[in-house]
Amino acid sequence: RPVQPERSTFEDRAASPPRSGTKRVKGLPAATAAAGAAASGPAYRPRGADGGGGGMVAAMMRGELPETTKDEKWGSKEGPAMAPLEDWEIRKLEREAKKAAALKEQQEKDAVVQARKDAASAEKADKKKLKELKEKLAGLEAIKDKDWDEMTDEDEEQLEGEVALRAEIAELEKKLPKD
(Lines give C-alpha, C1' and ligand atoms only; values in the text may rest on other atoms or scores of the structure.)
Protein backbone atom coordinates (compact mmCIF):
# COMPACT_ATOMS: atom_id res chain seq x y z
CA ARG A 1 0.00 0.00 0.00
CA PRO A 2 1.28 3.46 -0.77
CA VAL A 3 2.79 5.46 2.02
CA GLN A 4 1.69 8.78 0.63
CA PRO A 5 -0.85 9.18 -2.16
CA GLU A 6 1.53 11.39 -4.24
CA ARG A 7 4.44 8.94 -4.14
CA SER A 8 4.66 5.58 -5.83
CA THR A 9 6.67 3.83 -3.12
CA PHE A 10 5.21 0.87 -1.33
CA GLU A 11 5.64 -0.54 2.14
CA ASP A 12 5.52 -4.27 2.87
CA ARG A 13 3.10 -5.73 5.38
CA ALA A 14 4.21 -7.99 8.16
CA ALA A 15 3.96 -11.75 7.55
CA SER A 16 0.79 -13.43 8.71
CA PRO A 17 1.17 -15.67 11.78
CA PRO A 18 1.53 -19.46 11.21
CA ARG A 19 -1.59 -21.61 11.47
CA SER A 20 -2.25 -23.40 14.66
CA GLY A 21 -2.09 -27.18 14.85
CA THR A 22 0.31 -29.88 13.72
CA LYS A 23 2.05 -29.87 10.37
CA ARG A 24 0.72 -32.45 7.93
CA VAL A 25 3.01 -34.96 6.20
CA LYS A 26 3.13 -34.81 2.40
CA GLY A 27 2.25 -37.88 0.35
CA LEU A 28 0.57 -41.11 1.45
CA PRO A 29 1.19 -42.70 4.81
CA ALA A 30 3.71 -45.54 4.58
CA ALA A 31 1.32 -48.29 5.81
CA THR A 32 -1.42 -47.61 3.23
CA ALA A 33 1.01 -47.22 0.32
CA ALA A 34 2.51 -50.68 0.85
CA ALA A 35 -0.87 -52.36 1.35
CA GLY A 36 -2.46 -50.71 -1.73
CA ALA A 37 0.31 -51.73 -4.15
CA ALA A 38 0.25 -55.34 -2.99
CA ALA A 39 -3.54 -55.58 -3.20
CA SER A 40 -4.04 -54.11 -6.69
CA GLY A 41 -0.94 -55.51 -8.34
CA PRO A 42 1.69 -53.61 -10.30
CA ALA A 43 0.69 -50.45 -12.11
CA TYR A 44 2.22 -51.51 -15.44
CA ARG A 45 0.78 -54.50 -17.24
CA PRO A 46 2.18 -55.49 -20.61
CA ARG A 47 -0.26 -55.93 -23.47
CA GLY A 48 -1.98 -59.29 -23.33
CA ALA A 49 -0.72 -60.07 -19.83
CA ASP A 50 -4.25 -60.80 -18.58
CA GLY A 51 -4.39 -64.03 -20.57
CA GLY A 52 -6.12 -62.75 -23.74
CA GLY A 53 -4.69 -61.12 -26.84
CA GLY A 54 -1.25 -61.90 -28.14
CA GLY A 55 -0.29 -62.87 -31.64
CA MET A 56 -1.00 -65.82 -33.88
CA VAL A 57 1.98 -67.75 -32.55
CA ALA A 58 0.71 -67.45 -28.98
CA ALA A 59 -2.75 -68.60 -30.11
CA MET A 60 -1.18 -71.64 -31.79
CA MET A 61 0.76 -72.40 -28.64
CA ARG A 62 -2.45 -72.30 -26.63
CA GLY A 63 -4.11 -74.60 -29.17
CA GLU A 64 -6.66 -72.07 -30.40
CA LEU A 65 -5.41 -72.20 -34.03
CA PRO A 66 -4.24 -75.20 -35.99
CA GLU A 67 -0.50 -75.40 -36.41
CA THR A 68 0.87 -74.75 -39.88
CA THR A 69 2.58 -77.52 -41.77
CA LYS A 70 5.89 -77.19 -43.57
CA ASP A 71 4.07 -76.95 -46.91
CA GLU A 72 2.24 -73.83 -45.81
CA LYS A 73 4.08 -70.52 -45.77
CA TRP A 74 3.31 -67.31 -44.01
CA GLY A 75 1.41 -64.95 -46.26
CA SER A 76 0.23 -67.69 -48.61
CA LYS A 77 -2.87 -66.93 -50.63
CA GLU A 78 -4.81 -69.68 -49.02
CA GLY A 79 -5.91 -68.78 -45.54
CA PRO A 80 -7.49 -70.93 -42.91
CA ALA A 81 -10.72 -72.51 -44.08
CA MET A 82 -13.76 -70.35 -43.34
CA ALA A 83 -16.55 -71.75 -41.29
CA PRO A 84 -19.70 -72.58 -43.28
CA LEU A 85 -22.32 -69.84 -43.35
CA GLU A 86 -25.21 -70.02 -40.94
CA ASP A 87 -28.80 -70.25 -42.24
CA TRP A 88 -29.57 -66.66 -41.26
CA GLU A 89 -26.45 -65.46 -43.11
CA ILE A 90 -27.52 -67.29 -46.25
CA ARG A 91 -31.05 -65.85 -46.05
CA LYS A 92 -29.58 -62.37 -45.52
CA LEU A 93 -27.37 -62.71 -48.60
CA GLU A 94 -30.35 -63.93 -50.66
CA ARG A 95 -32.47 -60.96 -49.49
CA GLU A 96 -29.70 -58.53 -50.39
CA ALA A 97 -29.33 -60.14 -53.85
CA LYS A 98 -33.12 -59.85 -54.43
CA LYS A 99 -33.09 -56.20 -53.36
CA ALA A 100 -30.17 -55.45 -55.67
CA ALA A 101 -31.92 -57.18 -58.61
CA ALA A 102 -35.17 -55.30 -57.95
CA LEU A 103 -33.30 -52.01 -57.71
CA LYS A 104 -31.48 -52.67 -60.99
CA GLU A 105 -34.76 -53.60 -62.71
CA GLN A 106 -36.41 -50.41 -61.42
CA GLN A 107 -33.49 -48.31 -62.65
CA GLU A 108 -33.77 -49.89 -66.11
CA LYS A 109 -37.52 -49.12 -66.22
CA ASP A 110 -36.84 -45.54 -65.12
CA ALA A 111 -34.18 -45.18 -67.83
CA VAL A 112 -36.66 -46.35 -70.52
CA VAL A 113 -39.32 -43.92 -69.29
CA GLN A 114 -36.79 -41.08 -69.21
CA ALA A 115 -35.65 -41.91 -72.76
CA ARG A 116 -39.28 -41.73 -73.95
CA LYS A 117 -39.75 -38.38 -72.22
CA ASP A 118 -36.54 -37.02 -73.73
CA ALA A 119 -37.55 -38.17 -77.22
CA ALA A 120 -40.99 -36.58 -76.85
CA SER A 121 -39.52 -33.30 -75.63
CA ALA A 122 -36.94 -33.29 -78.46
CA GLU A 123 -39.71 -33.87 -81.02
CA LYS A 124 -41.76 -31.07 -79.52
CA ALA A 125 -38.77 -28.72 -79.64
CA ASP A 126 -38.10 -29.67 -83.29
CA LYS A 127 -41.74 -28.97 -84.22
CA LYS A 128 -41.55 -25.57 -82.53
CA LYS A 129 -38.31 -24.73 -84.34
CA LEU A 130 -39.79 -25.85 -87.68
CA LYS A 131 -42.78 -23.57 -87.14
CA GLU A 132 -40.48 -20.61 -86.35
CA LEU A 133 -38.33 -21.29 -89.42
CA LYS A 134 -41.41 -21.44 -91.68
CA GLU A 135 -42.55 -18.10 -90.27
CA LYS A 136 -39.11 -16.62 -91.06
CA LEU A 137 -39.33 -18.01 -94.60
CA ALA A 138 -42.75 -16.39 -95.02
CA GLY A 139 -41.17 -13.10 -93.90
CA LEU A 140 -38.47 -13.53 -96.53
CA GLU A 141 -41.13 -14.06 -99.21
CA ALA A 142 -42.59 -10.66 -98.27
CA ILE A 143 -39.12 -9.11 -98.66
CA LYS A 144 -38.74 -10.76 -102.11
CA ASP A 145 -41.93 -9.07 -103.28
CA LYS A 146 -40.28 -5.64 -102.87
CA ASP A 147 -38.81 -3.95 -105.94
CA TRP A 148 -35.03 -3.82 -106.23
CA ASP A 149 -34.94 -0.08 -105.47
CA GLU A 150 -37.06 -0.49 -102.28
CA MET A 151 -34.73 -3.12 -100.74
CA THR A 152 -32.31 -2.07 -98.01
CA ASP A 153 -28.96 -3.60 -97.06
CA GLU A 154 -30.61 -5.45 -94.17
CA ASP A 155 -33.20 -6.96 -96.52
CA GLU A 156 -30.42 -8.21 -98.80
CA GLU A 157 -28.56 -9.79 -95.83
CA GLN A 158 -31.72 -11.63 -94.81
CA LEU A 159 -32.22 -12.92 -98.34
CA GLU A 160 -28.65 -14.26 -98.40
CA GLY A 161 -29.51 -16.64 -95.52
CA GLU A 162 -32.55 -18.03 -97.36
CA VAL A 163 -30.73 -21.07 -98.79
CA ALA A 164 -29.44 -22.12 -95.34
CA LEU A 165 -32.92 -21.57 -93.91
CA ARG A 166 -34.54 -23.79 -96.56
CA ALA A 167 -31.89 -26.51 -95.94
CA GLU A 168 -32.59 -26.46 -92.20
CA ILE A 169 -36.34 -26.71 -92.81
CA ALA A 170 -35.83 -29.70 -95.14
CA GLU A 171 -33.65 -31.44 -92.53
CA LEU A 172 -36.25 -30.94 -89.77
CA GLU A 173 -39.06 -32.19 -92.04
CA LYS A 174 -37.10 -35.39 -92.73
CA LYS A 175 -36.46 -35.86 -89.02
CA LEU A 176 -40.06 -35.36 -87.89
CA PRO A 177 -42.73 -37.96 -88.63
CA LYS A 178 -45.54 -37.01 -91.01
CA ASP A 179 -48.74 -36.03 -89.21
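Because the structure is predicted, anything quoted here is derived from the model rather than measured.
At most 12 heavy atoms of other shown residues, nucleotides or ligands fall within 6.0 angstrom of atom CD in Glu154.
Remark: Glu132 engages no residue in a side chain to side chain donor-acceptor pair (under 3.5 Å) (not counting sequence neighbours). With sequence neighbours excluded, the residues forming a side-chain contact (heavy atoms from CB on, under 4.5 Å) with Leu159 are Leu140, Ile143, Lys144, Met151, Glu162, listed by chain and number. Partners of Lys175 according to the side-chain contact (heavy atoms from CB on, under 4.5 Å) rule, which considers only residues two or more places apart in sequence or in another chain, are Asp126. Judged as a side-chain contact (heavy atoms from CB on, under 4.5 Å), and not counting sequence neighbours, the contacts of Arg116 are Val112. Partners of Lys124 according to the salt bridge (Lys or Arg N to Asp or Glu O under 4.0 Å) rule, which considers only residues two or more places apart in sequence or in another chain, do not exist here. Under the side chain to side chain donor-acceptor pair (under 3.5 Å) criterion, Asp153 pairs with no residue, sequence neighbours left out. Looking at residues two or more places apart in sequence or on another chain, you find no side-chain contact (heavy atoms from CB on, under 4.5 Å) involving Glu157. In this view, Thr152 and Asp155 satisfy the side chain to side chain donor-acceptor pair (under 3.5 Å) rule, not counting sequence neighbours. The side chain to side chain donor-acceptor pair (under 3.5 Å) search around Lys129 returns Glu168, not counting sequence neighbours. In this structure, Lys131 has no salt bridge (Lys or Arg N to Asp or Glu O under 4.0 Å) partners at least two apart in sequence or on a different chain. Qualifying salt bridge (Lys or Arg N to Asp or Glu O under 4.0 Å) partners for Lys134, counting only residues two or more places apart in sequence or in other chains: Glu173.
To the nearest 0.5 Å, atom CD of residue Glu171 and atom CD1 of residue Ile169 are 11.5 Å apart. Note that CD of Glu135 and CG of Leu130 are 10.0 Å apart. Values are rounded to the nearest 0.5 Å.
Sorted by first and then second residue, the salt bridge (Lys or Arg N to Asp or Glu O under 4.0 Å) pairs with a member in residues 85-97 form an empty list; sequence neighbours excluded.
Gln107 has its side chain within reach of Leu103: a pair of non-hydrogen atoms, C-beta onward, lies under 4.5 Å apart.
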Passes side-chain hydrogen bond (donor to acceptor under 3.5 Å, both in side chains), Asp110 versus Gln106? Steps please.
CA-CA 6 Å; Asp110 292 344; Gln106 183 62 35; 3.1 Å; yes
